[in-house]
Structure formats: structure tokens, C-alpha cells
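Please read the structure below before turning to the comments.
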Amino acid sequence: MLITCPYCGPRDVSEFTYQGDGNRRRPEAASQDLDAWNDYVYGRLNPAGDHNEIWQHSGGCRIHLRVVRNTLTHEMSSPVPVREPAGAAARKGARS
Ligand SMILES: [Zn+2]
């Protein structure tokens with residue numbers, strides 16, 4: 001399985017470390033909404049299909065990437081640096 005790092009190019013998945021679910025949003029630090037905190041700490045999606053995930057190129061440039069992985073085929077697509085907003089790669093492609 002290959003992941004295409006925007007800086008290093010296609011690399012084997014063994015160079016990368018899974019960093020977690022890319023869909024989670026942390027509640028405000030002062031929030032006392034226990035349901036929101038419980039969902040943030042323990043809630044996980046388990047979709048059959050595309051799933052947003054965070055991976056780090058820990059064996060290379062160490063960048064954190066937002067990746068869409070198909071949980072049925074394990075195909076990785078749309079890797080963009082975490083610092084870029086979601087969909088930034090698609091917008092860049094539309095301009096060129
Ligand atoms: Zn890299």
C-alpha cells in the first residue's frame with residue numbers, strides 16, 4: 001500500500017504512522033457539555049467506505065497529512081497537509 005506524500009512522493013505505508021480519525025472536533029476547553037466530551041474521547045466512526053484520517057510521514061519528512069482511506073479497499077487518496085483546509089488540494093487543481 002502506498003501513500004503519496006506531497007513533499008516526498010509515493011512511499012510505502014510502513015513509513016507512515018496512523019494518527020487518528022480526521023473527523024473528530026475537540027469541544028471548547030471550557031465546555032461542560034459532558035456528552036460532547038464523551039463523544040470526543042470515546043466516539044469513533046467505523047464506516048464501510050471512505051474515511052477521513054490523519055497520518056504522519058514519521059519515516060520521512062514528518063509532515064501530518066489528512067488522507068481519505070477507503071476501509072474496504074484500503075486505497076488512500078487526497079493526501080494534503082493537515083495545515084491546509086479540507087478540499088484545498090481540489091481547489092488548487094481547479095486553478096491550474
Ligand atoms: Zn514526506
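In each ligand, atom 1 is the first atom listed, and ligand 1 is the first ligand listed.
Between His57 and Phe16, the angle of the ring planes stays under 30°, which puts this pair in the parallel group of the 30/60° scheme.
Within 6.0 Å of atom CG in Asn46, 12 or fewer heavy atoms from other residues, nucleotides or ligands are found, so the atom counts as exposed in its surroundings.
Protein atoms that are N, O or S and lie under 2.8 Å from the Zn ion (ligand 1) are these: Cys5 SG, Cys8 SG, His57 ND1, Cys61 SG.
Pairing each heavy atom of Ser58 with each of Thr17, the nearest pair is OG-OG1, 2.6 Å. Counting all heavy atoms, side chain and backbone alike, Pro6 lies closest to Leu65 at CD-CD2, 3.4 Å.
Sorted pairs that involve residues 38-51 and meet salt bridge (Lys or Arg N to Asp or Glu O under 4.0 Å), not counting sequence neighbours, are lacking altogether.
Side-chain contact check for Ser31 and Asp33: no donor-acceptor pair (N or O, by modelled atom type) lies under 3.5 Å.
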